[in-house]
Participant: 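Sharing a structure below in structure tokens format, with a few things to ask.
In listed order, ligands and their atoms are each counted from 1. Small disclaimer: the values here were computed from a predicted structure and weren't measured. Quick note: residue numbers are just sequence positions, from 1.
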Amino acid sequence: MADQGVLIGREGAWHPAGRQRIMTLGRHIDEGEREHPGATGDFSGLLSDLAIAIKLIWREVSKAGLIEIIGATDCRNESGDEIKKLDEFANETIYKAMDHGGHLCVMASEESQGLISIPDRYPKGKYVLVYDPIDGSSNIDANVSIGSIFGIYRRVTASGPGTEEDCLQPGYRLAAAAYVIYGSSTIFVYCTGGGVHGFTLDPSVGEFLLSHENIGIPKRGKTYSVNEGNYTRWNEHFRRYIDYLKAEDPSGERPYTSRYIGSLVADLHRNMLHGGIFLYPGDATHPDGKLRLVYECAPLAYIVEHAGGRASDGRRRILDIMPEDIHQRTPLIIGSEDDVTMAEEFIQGKGDSLG
Ligand code: P6P
């Protein structure tokens with residue numbers, strides 16, 4: 001009888017297939033629910049509905065080059081960004097997959113100016129979904145990896161349709177967060193308060209299979225991700241930090257290298273696996289930076305912190321920031337704990353002894 005971990009092939013024992021048990025996202029969600037005795041299945045149902053929406057978005061992303069879905073609509077979103085057709089498709093797909101399950105009381109999206117209400121004909125649930133349906137959409141026609149970002153809160157209002165109060169919660173109140181990277185493969189990474197787990201879509205069976213169990217971000221990395229085209233707009237402290245990263249150390253080695261994809265989820269995912277830091281600071285023209293707190297930075301900060309990393313605006317922990325507007329921006333410094341800590345020291349003017 002073959003050892004459980006080894007398959008016997010014609011030439012003898014095969015190497016165990018990565019020793020990764022075959023676990024679908026659906027089964028992982030169900031097992032997570034069983035760890036919470038009081039669970040009603042509501043949360044699991046929400047995550048399962050979300051997984052369906054993501055597969056439908058993947059299907060369009062994977063053939064975006066073949067059908068008339070690349071290109072732009074003639075609209076702009078709340079951020080003023082041009083809405084690409086795929087943004088619109090993804091936004092609608094998530095809405096249609098999530099609005100009738102009875103799990104949500106309200107939604108908020110980068111692609112929708114105001115709150116997204118649950119239609120009167122559908123039951124209202126106890127959760128709130130905030131999301132960026134397609135992040136990095138300017139990369140779509142260049143076939144560069146793009147992503148989706150999700151945050152799930154418990155509602156704070158008692159009942160009925162959800163309100164802005166339900167959406168404007170600090171990130172430390174998140175019940176779960178997830179991101180999807182549509183790249184050479186499509187990976188769904190999520191956390192419900194315990195570990196951070198990644199699932200890779202197997203298109204041949206249409207299932208997300210566990211591929212990255214308990215992701216832990218290295219304490220320090222060798223990569224920094226920032227748009228150095230903004231160098232002249234940065235303040236002196238931030239410039240000194242980037243100059244420090246680019247300098248050679250006394251042994252003539254350069255401890256850091258630059259990697260910038262220009263797609264937040266793709267840059268972040270690389271740093272999650274290999275360590276590193278992503279930075280989008282405020283500058284002279286955009287004091288709050290470019291990225292959105294509620295549906296981009298807070299969910300990603302939740303995931304990175306649960307993977308052992310750190311996320312701040314340079315001074316405050318991202319998860320402690322109390323949102324005042326759905327679409328408000330925040331500077332974002334996120335990644336390996338030691339790298340983010342060092343960046344904060346420079347940003348706060350304490351890095352002079354280092355730089
Ligand atoms: P910049 C994409 O438009 C995005 O929102 C993020 O995905 C990405 O990290 C950032 O903007 C890139 O912005 O100003 O460097 O092009």
Side-chain angles (χ1 to χ4, degrees), residues 57 61 64 70-73 75-88 90-91 108-112 130-151 177-183 186-187 189 221 223-234 238-239 241-242 245 258-272 276-301 303-304 309 311-314 318 326-335 339-340 343:
I57 294 168
V61 169
I70 282 186
T73 63
C75 322
R76 290 189 176 276
N77 63 17
E78 184 61 21
S79 309
D81 299 332
E82 182 183 73
I83 295 185
K84 297 267 185 180
K85 290 178 183 173
L86 204 52
D87 288 289
E88 201 170 273
N91 197 39
S109 163
E110 176 176 47
E111 302 305 338
S112 302
V130 296
Y131 62 96
D132 183 357
I134 293 288
D135 173 74
S137 56
S138 55
N139 294 301
I140 292 171
D141 47 2
N143 204 22
V144 170
S145 297
I146 55 179
S148 303
I149 306 169
F150 303 93
Y179 67 79
V180 184
I181 177 168
Y182 309 95
T186 293
I187 298 177
V189 175
T223 306
Y224 69 96
S225 305
V226 70
N227 182 344
E228 297 198 50
N230 297 328
Y231 186 89
T232 56
R233 296 180 185 165
W234 296 332
F238 195 80
R239 285 190 207 169
Y241 169 62
I242 299 300
L245 293 182
S258 171
R259 288 287 183 277
Y260 192 67
I261 301 170
S263 185
L264 171 58
V265 173
D267 278 316
L268 183 114
H269 185 66
R270 182 202 52 245
N271 293 345
M272 282 284 285
I277 186 169
F278 172 94
L279 310 104
Y280 209 107
D283 60 39
T285 53
H286 299 89
D288 291 328
K290 172 180 183 182
L291 303 175
R292 304 295 172 166
L293 171 62
V294 171
Y295 41 72
E296 289 177 338
C297 300
L300 294 180
I303 290 171
V304 165
S312 79
D313 64 359
I318 290 290
I326 295 289
H327 300 287
Q328 79 182 59
R329 302 173 192 268
T330 177
L332 179 64
I333 318 293
I334 189 169
D339 291 315
V340 173

Participant: Does D135, backbone or side chain, put an N or O under 3.5 Å from an N or O of ligand 1?
Facilitator: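 Yes; at least one N/O pair falls below 3.5 Å.
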
Participant: Tell me, which protein residue and heavy-atom name are nearest atom 2 (C) of ligand 1, and how many Å apart are they?
Facilitator: G136 CA, 3.6 Å

Participant: Which atoms form the tightest heavy-atom contact between I334 and V340, and what is the distance?
Facilitator: C-CG2, 3.7 Å

Participant: Can you confirm, on distance only, whether ligand 1 has an N/O atom lying under 3.5 Å from any N/O atom belonging to Y260?
Facilitator: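 N/O-N/O distance under 3.5 Å: yes.
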
Participant: Identify, with sequence neighbours excluded, every residue that meets salt bridge (Lys or Arg N to Asp or Glu O under 4.0 Å) alongside R329.
Facilitator: none

Participant: Identify the heavy atoms of P133 and S148 that sit nearest to each other, and give their distance.
Facilitator: O-OG, 2.5 Å

Participant: Considering only heavy atoms, does L264 approach ligand 1 within less than 4.0 Å through its side chain, its backbone, both, or neither?
Facilitator: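 Near ligand 1, L264 shows its backbone as well as its side chain.
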
Participant: For atom 10 (C) of ligand 1, what's the nearest protein heavy-atom neighbour? Residue, atom name and distance, please.
Facilitator: K290 NZ, 3.9 Å

Participant: Can you give me the closest heavy-atom contact between P281 and W234, atom names plus distance?
Facilitator: CG-NE1, 3.5 Å

Participant: Near N227, which atoms of ligand 1 are under 4.0 Å from a heavy atom of that residue?
Facilitator: 1 (P), 14 (O), 15 (O)

Participant: Within a distance under 4.0 Å of any heavy atom of F278, pick out the atoms of ligand 1 and give their elements.
Facilitator: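 That gives atoms 9 (O) of ligand 1.
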
Participant: For Y241, give me all partners under side chain to side chain donor-acceptor pair (under 3.5 Å), at least two apart in sequence or on another chain.
Facilitator: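 Per chain and number, Y241 pairs via side chain to side chain donor-acceptor pair (under 3.5 Å) with no residue.
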
Participant: What residue and heavy atom of the protein are closest to atom 14 (O) of ligand 1, and at what distance?
Facilitator: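 The protein heavy atom lying closest is Y280 OH, 2.6 Å.
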
Participant: Determine whether N230 and Y280 make a side-chain contact, defined as any pair of heavy atoms from C-beta on separated by less than 4.5 Å.
Facilitator: yes

